[in-house]
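To start, the structure under review is shown below, and the notes come after it.
The structure displayed is predicted, hence computed values, not measured ones.
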Amino acid sequence: MIWVTGERVRAWQVRAAVFDTRWRGLDRAQVHDYLCRVADEMDRLDRELTTARTESERIRQALRQWQSRHHGCQRRGRDD
């Protein structure tokens, strides 16, 4: 059964989703295949997000280091 928790849906939850059966329901194999494709896409996007966050943090740290090394450069130029 699908439920709404207010939390982020994870790929494993999509893969593990179980639906109630109905007399005139959907083709289970098609639903399963589609959910697997959605979960694969979620995994891919999650990996890309992790990579982007890592790169962003690396750039942020490099900027802080650069700013620390060059903190007095502008002041010295203005004071002269």
Partners meeting side-chain hydrogen bond (donor to acceptor under 3.5 Å, both in side chains) with Thr54 (sequence neighbours left out):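 Partners of Thr54 by the side-chain hydrogen bond (donor to acceptor under 3.5 Å, both in side chains) criterion come out as none, since no residue qualifies.
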Distance-only donor-acceptor pairs under 3.5 Å for side chains of residues 23-32, two or more places apart:
residue: Asp27; atom: OD1; partner: Ala29; partner atom: N; Å: 2.8
residue: Asp27; atom: OD1; partner: Gln30; partner atom: N; Å: 3.1

Nearest heavy-atom approach of Ala39 to Ala11 is O-CB, 3.4 Å
Closest non-hydrogen atoms of Leu35 and Val14, given as atom of the first, atom of the second and distance, are O-CG1, 3.3 Å
Is it the case that one hydrophobic cluster holds both Val9 and Tyr34, taking links as side-chain heavy atoms less than 4.5 Å apart, direct or via other members?
yes
Residue pairs passing the side chain to side chain donor-acceptor pair (under 3.5 Å) test with at least one member in residues 56-67, sequence neighbours excluded, are Glu55-Arg58, Ser56-Arg60, Glu57-Arg60, Glu57-Gln61, Trp66-His70
Residue pairs meeting salt bridge (Lys or Arg N to Asp or Glu O under 4.0 Å), one or both in residues 39-54, sequence neighbours left out, come to Arg8-Asp46, Arg15-Asp40, Arg15-Asp43, Glu41-Arg44, Arg44-Glu48
